[in-house]
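Single-structure report; data block below.
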Amino acid sequence: MSIYEVKSMGARIAGNPYVGRGIVIGRSADGTKAVFAYFIMGRSVNSRNRVFTKTVDGIRTEAFDPAKLADPSLIIYSPVRRQGSSIVVTNGNQTDTICEYLARGGDMEAALEIRTFEPDGPNFTPRISGELILGDAFTYKMSILKSMDEAGSACTRQYFRYTALNGLGHFIHTYVTDGNPIPTFVGEPERVSIPDDIDELTGDIWENLNEDNKISLYVSYTDLETGVEETRLINKNC
């Protein structure tokens with residue numbers, strides 16, 4: 001198997017019961033669109049009781065049934081926000097931390113130096129983050145913060161920077177698959193193909209996520225010349 005192997009998103013996730021939360025970032029095959037997708041999965045009642053809703057600068061998670069919301073601390077947040085010429089997408093409230101640093105002229109890496117993995121032992125869910133940097137040359141970053149050991153005694157911080165290539169994207173997710181505790185994602189973000197059609201990518205992800213555990217999906221295509229954004233939002237709870 002080549003280290004440059006590229007698979008569709010469907011091929012990456014099909015048959016896997018639990019990849020957790022996932023971020024995809026890349027460039028459309030025709031080179032005209034900056035693309036990202038974010039999805040959430042869940043096993044507990046509290047985690048599954050969620051929907052994505054649109055906000056002024058992105059999206060937010062909310063309780064589908066507020067009466068069933070137990071602990072909002074790790075499940076209610078803004079996964080996607082725009083800050084200047086950047087789009088930030090993460091699986092937690094580190095979205096706000098990154099946007100605050102960007103607003104002050106800082107960068108994503110510095111923002112994440114003050115954050116760590118989630119305090120939900122024994123899983124210690126990784127914090128995954130991405131930044132699309134729009135402009136004359138579209139580039140993007142990805143990061144994962146994860147526990148160094150089963151005790152959660154220290155944090156490993158990994159950062160990845162990419163030049164956007166036509167038709168290529170990268171996929172990072174919180175878990176390898178289901179388990180107890182759940183095994184954390186390892187290695188570099190996985191290479192995936194990015195089609196020109198937003199509905200093709202949306203369908204490829206949603207239809208191949210595990211039916212029992214998938215919750216919500218958000219996909220965005222931004223025209224690099226005009227800045228016009230096209231989006232798709234799917235909630236299992238609706």
Test log, rule salt bridge (Lys or Arg N to Asp or Glu O under 4.0 Å), inputs Glu100 and Arg81: CA-CA 11 Å; Glu100 289 168 5; Arg81 288 185 56 194; 6.0 Å; no
Exercise. Honestly curious: do Val89 and Met108 fall in one hydrophobic cluster under the side-chain, below-4.5 Å linking rule?
Worked result: no
Residues Asn123 and Thr184: closest non-hydrogen pair is O-OG1, 4.2 Å
In terms of heavy-atom contacts, Gly42 and Arg48 come closest through O-NE, 2.8 Å
| field | Exam field: side chain Asn235 to backbone Phe52, donor-acceptor pair closer than 3.5 Å | value | yes
- Query: Looking only at side chains, do Gln94 and Arg115 share a donor and an acceptor under 3.5 Å apart?
  - Reply: no
*Full working for side chain to side chain contact (heavy atoms under 4.5 Å, CB included) between Ile144 and Arg157*: CA-CA 6 Å; Ile144 184 168; Arg157 294 177 170 85; over 6 Å; no
Pair Glu131-Arg161, salt bridge (Lys or Arg N to Asp or Glu O under 4.0 Å): steps then yes or no: CA-CA 9 Å; Glu131 180 189 358; Arg161 303 181 184 184; over 6 Å; no
Would the distance check show the side chain of Ser143 and the main-chain N or O of Gln158 forming a donor-acceptor pair, the cut-off being under 3.5 Å? yes
Indicate if Leu102 and Ile128 have the same hydrophobic cluster label, given that clusters are the connected sets of ILVMFWY residues with side-chain heavy-atom separations under 4.5 angstrom. no
| Centroid-centroid under 6.0 Å between Tyr218 and Tyr38 rings | no
Contact check, side chains of Ile75 and Thr61, non-hydrogen atoms, under 4.5 Å
no
_I'd like to know if the side chain of Asn46 reaches the main chain of Leu69, judged simply by a donor and an acceptor atom lying under 3.5 Å from each other, with no hydrogens or angles considered._
no
For this session: For the pair Asp149 (side chain) and Ser153 (backbone), establish whether a donor and an acceptor sit closer than 3.5 Å, ignoring hydrogens and angles.
Result: yes
> So, Asp204 side chain and Gly10 main chain: donor-acceptor pair closer than 3.5 Å or not?
Replying inline: yes
Heavy-atom nearest pair, Ser216 first then Val51, reads OG-CA, 3.8 Å
* Asked: For Lys54 and Thr231, does a side-chain donor sit closer than 3.5 Å to a side-chain acceptor?
  -> yes
Discussion item. Taking Leu224 as the starting point, is it possible to reach Val88 by hopping between hydrophobic residues whose side chains are less than 4.5 Å apart?
Written reply: no
Item checked: Heavy-atom donor-acceptor pair, Asn91 side chain to Pro126 backbone, under 3.5 Å -> yes
Between Ser78 and Thr95, the two heavy atoms sitting closest are O-OG1, 2.7 Å
- Task: Determine, for Phe138 and Arg27, whether the Lys NZ or Arg CZ falls below 6.0 Å from the six-membered ring centre while staying within 45 degrees of the axis.
- Result: no
Heavy-atom closest pair (Pro181 atom, Pro122 atom, distance to 0.1 Å) is CB-O, 3.7 Å
Fill in: Sidechain-backbone polar pair: Arg127 side chain, Thr116 backbone, donor-acceptor under 3.5 Å
yes
Any sub-3.5 Å donor-acceptor pair from Asn237's side-chain atoms to Asn49's backbone N or O?
no
In terms of heavy-atom contacts, Glu230 and Ile198 come closest through O-CD1, 3.3 Å
Handout entry: Shared hydrophobic cluster for Ile172 and Ile98 (ILVMFWY, side-chain gaps under 4.5 Å)
Key = no
Q: Return yes if some donor-acceptor pair links the side-chain N/O of Arg21 with the main-chain N/O of Phe39 below 3.5 Å, else return no.
A: no
key: Side-chain donor or acceptor of Asp196 paired with backbone N/O of Asp30 under 3.5 Å   = yes
| query | Does the ring centre of Phe124 sit less than 6.0 Å away from the ring centre of Phe117? | reply | yes
Could you check if a side-chain atom of Leu145 sits within less than 4.5 angstrom of a side-chain atom of Thr156, using non-hydrogen atoms only? no
Requested in this report: Decide if the gap between the ring center of Tyr175 and the ring center of His173 is smaller than 6.0 angstrom.
Outcome: no
**Prompt:** How about His170 and Phe160: are their ring centroids closer than 6.0 Å?
**Reply:** no
Hey, quick one: are Val6 and Ile194 part of the same hydrophobic cluster, counting side-chain heavy atoms closer than 4.5 Å, chains of contacts allowed? no
- Task: Would you indicate whether the side-chain heavy atoms of Thr163 and Tyr140 approach each other to under 4.5 Å?
- Result: no
